[in-house]
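Since the structure comes first, as structure tokens, the remarks are kept for the end.
Protein chains get the first letters and strands the later ones, always in sequence-line order, with residue 1 at the start of each.
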There are 2 protein chains.
Amino acid sequence: MDHDKKDRLEGAGWRVGNAEDFLELSPEETAFVELKLALARFLRNVRVQQGWTQAQTAKRLGSSQSRFAKMEAADASVSVDLLVKSLLGLGATREQVGEVIARAA
Amino acid sequence: MDHDKKDRLEGAGWRVGNAEDFLELSPEETAFVELKLALARFLRNVRVQQGWTQAQTAKRLGSSQSRFAKMEAADASVSVDLLVKSLLGLGATREQVGEVIARAA
DNA sequence: TTCGACTATGTCGGATCGGACATATACTGC
DNA sequence: GCAGTATATGTCCGATCCGACATAGTCGAA
């Protein structure tokens, strides 16, 4: 978010921050959700890169469109296990998964 | 395993290989178990490095000695979620977790 | 605007996971 | 040997997860 928008929102009575501030997460909880978000974004990248729909990709993985949508949304009902297994199932390597976890915003 | 021992075993009718060969895992299944094993080893390293027992460490994490033993053993009943949460709970960073996943044998 | 393709969200039943307890095994000093 | 400490293994049941279905929302083309 740019400073202009942030200032406008805060001027209007909003507080602008991240999930940690808003939900008062502990540092390790924050790290965990960031890790999940990074994997979810990577999963979407992989799919879009290949020009696939959620339904196609889900079928490939033996899952459903709705669950795959939740994976990409890093829904609370989605485990890191599922994200990692899905990425590996789509051809990502262990090295790539690790890199994404280590370095993604 | 050294070649001598391998030869002796194979001479006696054993096949010597890795989990992938023995259980006939697919490449992504193999990558997944290796990833879990890497996290489990790292968890043990962190604990031993601090000079803690399993019981002490488990208590810190709000878990039990028996479950922590299974974490370190990468037991089938242990999820990657639990391993990652435990590592973060013991002070490991997201970057370290990613590195371990990407680079550990 | 209506249609069609794609994505998002809510829910449910069966499957898996996790803390806890009991118990077994391993190792060390006596 | 035995006792004490640490780790490993088996099991149970409540909690969470996952595929599936239904349905709602989004977007672009005709």
Side-chain angles (χ1 to χ4, degrees), chain A residues 19 23 25-26 28-90 92 97 101, chain B residues 19 23 25-26 28-90 92 97 101:
Chain A
L23 298 171
L25 300 178
S26 68
E28 61 263 33
E29 287 169 330
T30 304
F32 186 75
V33 306
E34 284 176 358
L35 185 153
K36 254 179 88 167
L37 286 170
L39 291 175
R41 279 192 296 268
F42 185 36
L43 188 62
R44 165 156 289 182
N45 286 346
V46 168
R47 174 180 69 83
V48 172
Q49 206 74 37
Q50 305 283 347
W52 294 333
T53 68
Q54 289 182 346
Q56 286 177 317
T57 316
K59 190 166 189 179
R60 227 170 236 268
L61 295 171
S63 182
S64 62
Q65 180 272 326
S66 61
R67 182 133 302 275
F68 196 85
K70 283 165 194 181
M71 291 186 214
E72 289 190 352
D75 187 279
S77 79
V78 171
S79 69
V80 171
D81 287 63
L82 186 60
L83 290 170
V84 169
K85 281 179 182 168
S86 298
L87 283 166
L88 296 175
L90 295 181
V97 171
I101 289 175
Chain B
L23 297 171
L25 298 178
S26 67
E28 61 262 32
E29 288 169 329
T30 305
F32 187 76
V33 307
E34 284 176 357
L35 185 152
K36 255 178 87 167
L37 285 170
L39 290 175
R41 279 192 296 267
F42 185 36
L43 189 61
R44 165 157 289 183
N45 285 346
V46 168
R47 173 179 69 83
V48 172
Q49 207 73 38
Q50 304 284 347
W52 295 332
T53 68
Q54 289 183 344
Q56 286 176 318
T57 316
K59 189 166 189 178
R60 226 172 237 267
L61 296 171
S63 183
S64 62
Q65 180 271 326
S66 61
R67 183 133 302 274
F68 196 86
K70 284 165 194 182
M71 292 187 215
E72 288 190 352
D75 186 280
S77 79
V78 172
S79 69
V80 171
D81 287 63
L82 186 61
L83 290 170
V84 169
K85 282 179 182 170
S86 298
L87 282 167
L88 296 175
L90 295 181
V97 172
I101 289 175

Hey, does the side chain of Arg44(A) come within less than 4.0 Å of dC6(C)'s phosphate (OP1/OP2), counting only N and O?
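No.
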Heavy-atom distance under 4.5 Å between the side chains of Glu28(B) and Phe32(B), does that happen here?
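No, their side chains stay 4.5 Å or more apart.
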Validation row: Gln50(B), Gln56(B) side chains within 4.5 angstrom (heavy atoms)
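No, their side chains stay 4.5 Å or more apart.
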Could you check how far [atom1] of [X] sits from [atom2] of [N], rounded to whole Å?
X	N	atom1	atom2	value
Gln54(A)	dT9(C)	CD	P	10 Å
Gln56(A)	dA5(C)	CD	P	13 Å
Arg47(A)	dC6(C)	CZ	P	10 Å
Lys36(A)	dT16(D)	NZ	C1'	11 Å
Lys85(B)	dG18(C)	NZ	C1'	11 Å
Asp81(B)	dC17(D)	CG	P	7 Å

Test your reading of the model: is there a side-chain donor-acceptor pair from Lys36(B) to the backbone of Val78(B), 3.5 Å cut-off?
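Yes; at least one donor-acceptor contact below 3.5 Å.
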For Arg67(A), which residues count as a salt bridge (Lys or Arg N to Asp or Glu O under 4.0 Å) partner, sequence neighbours excluded?
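Here no residue qualifies.
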Report the C-alpha distance between Leu37(A) and Arg41(A) in whole Å, list the side-chain angles of each, state the deciding distance to 0.1 Å, and finish with yes or no for side-chain contact (heavy atoms from CB on, under 4.5 Å).
CA-CA 6 Å; Leu37(A) 286 170; Arg41(A) 279 192 296 268; 3.9 Å; yes
Please list, in numerical order, the residues of residues 58-79 of chain A that have a heavy atom closer than 4.0 Å to any atom of DNA chain C.
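Under 4.0 Å from DNA chain C: Gln65(A), Ser66(A), Ala69(A), Lys70(A).
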Nearest heavy-atom neighbours spanning Ala40(A) and Ala74(A)
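Smallest interatomic distance, heavy atoms only, reads CB-CB, 3.8 Å.
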Just how large is the angle between the end axes of the helix from dT1(C)-dA30(D) to dC30(C)-dG1(D), five pairs per end, to 10 degrees?
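End-to-end axis angle for the helix from dT1(C)-dA30(D) to dC30(C)-dG1(D): 40°, rounded to 10°.
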